[in-house]
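The analysis underlying the following values was restricted to heavy atoms, covering all of them including side chains, and did not include hydrogens, waters or symmetry mates. Chain naming here is simple, since letters A, B, ... match the order of the sequence lines and numbering starts at 1 in each.
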Amino acid sequence: MLTGIRREWLIATLIMSGVSWILISRPPDNHTMSVSPRAGFIAPAIVLPQLDGELVSLDAFKGQVVIVNFWASWCGPCRAEMPTLERLYQIEQTRGLTVLAVNSTFQDDQTNVAQMRRDLGLSFPILLDYEGTVGHRYGVRMLPTTFIIDRQGVIRQVLFGGPLSEASLRNAVEPLLREE
Amino acid sequence: MLPVVNIGPFALYTPGLIFLLGSWLIVQAVRRAAFTQGLDGERMEIIVVIVLVSGIIGARVGYALAAWPAYVNDPWAFLSRDLQAFSLPYGIVTGVIVGSWQLWRQRWPLWVVLDTLAPGVALAALTYALMQFASGDGYGLPSTVPWAIPLWGEYRHPTQLYAALTALIALIVWRKNYRKPQPAGSLFLNVCAILAAGTLIGNGFSAADWLLPGRVRASQVIALAVLILIIWVRPKITLQPKIQ
């Protein structure tokens with residue numbers, strides 16, 4: 001059992017060594033942001049064709065808040081959240097919101113993609129990932145997976161699974177839309 | 001890092017699976033510890049389940065409160081299957097409040113109850129560390145140490161594994177001592193001290209921590225405060241009787 005004096009010494013030693021370690025181990029200030037598919041990192045590049053063959057690049061949307069949604073036409077939750085994405089896109093487009101729906105075309109049928117677009121009246125760009133390279137680059141292992149990217153091109157949130165509610169999508173994009 | 005496990009056509013969210021498994025282990029461990037401490041294990045099991053469920057509800061309510069304008073327009077979203085719409089801090093606070101109230105109603109001695117909860121605390125820390133390892137959250141600073149792991153484009157300190165190791169040590173120490181005669185509260189304070197020491201040291205390599213002014217990590221400051229509090233409190237528990 002520690003006596004009172006020994007305990008006081010122990011506490012004093014603990015405070016000195018603890019504070020020293022906290023100060024020594026402070027994270028460096030010169031943190032450079034790298035490219036990686038997770039929150040706090042720069043979003044990996046996306047350059048993919050749309051249904052009409054026109055190429056779309058994520059870089060073209062710098063300055064806007066971008067929702068990148070990975071999906072497939074056979075995926076129930078993906079289909080279920082599409083109307084929510086469309087509604088949000090329609091309402092917030094003027095404030096600088098864009099939706100890029102990246103279809104996992106390597107495991108889907110382009111005809112079904114076009115049919116789904118017509119059926120649901122989707123107006124945002126639908127990109128076709130024929131080889132799955134962009135999905136791989138983003139580490140997508142389940143559909144849907146949604147990345148929320150800010151105006152500087154930094155991923156702020158990754159949302160696994162779905163269907164996402166309008167409330168949680170709004171909650172994710174609203175603060176970013178308010179940022180300059 | 002393995003955020004999703006694909007089993008046939010199903011994609012399972014790994015941190016969610018770890019949470020379920022960890023919760024089950026916590027319930028079982030606390031139940032057994034309650035019997036060892038002379039408490040009603042069945043009742044303790046019910047209380048822990050109530051705490052877990054209330055924690056989940058609290059996490060959803062907290063998330064909805066923080067994003068209330070969105071939920072006003074879409075109230076049904078509160079009941080959606082959206083796994084993202086949970087707030088961990090609100091969940092923990094709700095669980096602690098509900099748990100404290102439930103335990104207070106039993107009129108059980110405080111330190112004996114805390115000893116009963118000790119394995120649950122260590123298992124909760126282990127569960128959280130493994131959830132973070134699976135999701136890739138709570139990652140470490142870039143490093144060249146031989147045990148660095150490739151994560152997010154760089155080799156990094158496996159801070160989630162440091163936290164898991166700390167929790168495992170806490171569990172082992174608890175397991176070695178839980179039948180020994182000792183002042184009530186010792187088991188709980190030992191587990192908390194090991195977790196706090198591990199956090200103080202291990203989080204020194206964390207790159208994803210909440211920073212205070214001066215780039216000081218909040219988790220390390222809290223861990224140091226907890227350690228000092230434990231050393232200060234420890235002599236006061238020696239006179240507390242333990243249920244036999």
Side-chain angles (χ1 to χ4, degrees), chain A residues 1-4 7-8 10-12 14-15 17-19 21-29 31-32 34-42 44 74-75 77 80-81 84 87 139-146 148 157-175, chain B residues 1-6 10-13 15-16 63-64 66-85 135-137 139 141-142 151-154 200-201 203-209 211 214-217 220-221 223-225 227-228 231-232 234-235 238:
Chain A
M1 188 53 61
L2 289 172
T3 63
R7 197 170 50 251
E8 283 164 12
L10 179 63
I11 289 177
L14 186 65
I15 290 172
S17 51
V19 169
W21 172 242
I22 288 171
L23 292 175
I24 290 166
S25 65
R26 284 185 306 166
D29 203 14
H31 175 67
T32 51
S34 53
V35 176
S36 206
R38 71 152 290 121
F41 289 73
I42 296 169
W74 46 261
C75 153
E81 71 187 15
T84 307
R87 202 163 42 244
V140 173
R141 295 177 61 91
M142 76 187 292
L143 296 176
T145 298
T146 307
I148 312 291
Q157 229 174 311
V158 184
L159 309 171
F160 295 104
L164 295 171
S165 63
E166 187 169 343
S168 59
L169 272 170
R170 269 200 175 282
N171 190 38
V173 299
E174 187 58 41
Chain B
M1 190 199 87
L2 190 64
V4 177
V5 177
N6 291 294
F10 300 105
L12 304 172
Y13 187 53
Y63 183 90
W68 67 269
Y71 281 86
V72 167
N73 294 329
D74 181 16
W76 286 107
F78 186 79
L79 300 174
S80 73
R81 288 178 290 151
D82 191 345
L83 290 175
Q84 319 296 330
S135 67
D137 292 332
Y139 51 91
L141 288 169
L151 188 61
W152 311 126
E154 283 178 277
L200 176 62
I201 299 165
N203 278 19
F205 306 103
S206 168
D209 217 313
L211 295 181
R215 300 197 326 282
V216 167
R217 294 182 187 84
Q220 287 181 292
V221 174
L224 180 59
L227 265 178
I228 292 166
I231 293 172
W232 181 72
R234 189 149 184 124
T238 52

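- Ranking B:Asp209, B:Leu141, B:Ile201 against chain A, the residue ahead of the rest is B:Ile201, based on heavy-atom pairs under 4.5 Å.
- Judged by distance alone, the side chain of B:Arg217 and the main-chain N or O of A:Ser25 form a donor-acceptor pair under 3.5 Å.
- Contacts between A:Val158 and chain B at a heavy-atom distance below 4.5 Å involve the backbone alone (N, CA, C, O).
- Contacts between A:Pro77 and chain B at a heavy-atom distance below 4.5 Å are absent for every atom of the residue.
- Using a 4.5 Å cut-off between heavy atoms, A:Ile24 makes no contact with chain B at all.
- Within the 4.5 Å cutoff, no side-chain heavy atoms of A:Arg26 are placed close to those of B:Leu211.
- Enclosure of atom CH2 in A:Trp21 by more than 12 non-hydrogen atoms of other residues, nucleotides or ligands within 6.0 angstrom is indicated.
- Using bins of under 30°, 30° to 60° and over 60° for the plane-to-plane angle, the ring pair B:Tyr13/A:Phe160 lands in the tilted bin.
- Put simply, the side chain of A:Thr84 does not reach to within 4.5 Å of the side chain of A:Pro163, judged on heavy atoms.
- Comparing A:Met142, A:Gln157, A:Arg170 by heavy-atom pairs within less than 4.5 Å of chain B, the highest count is held by A:Met142.
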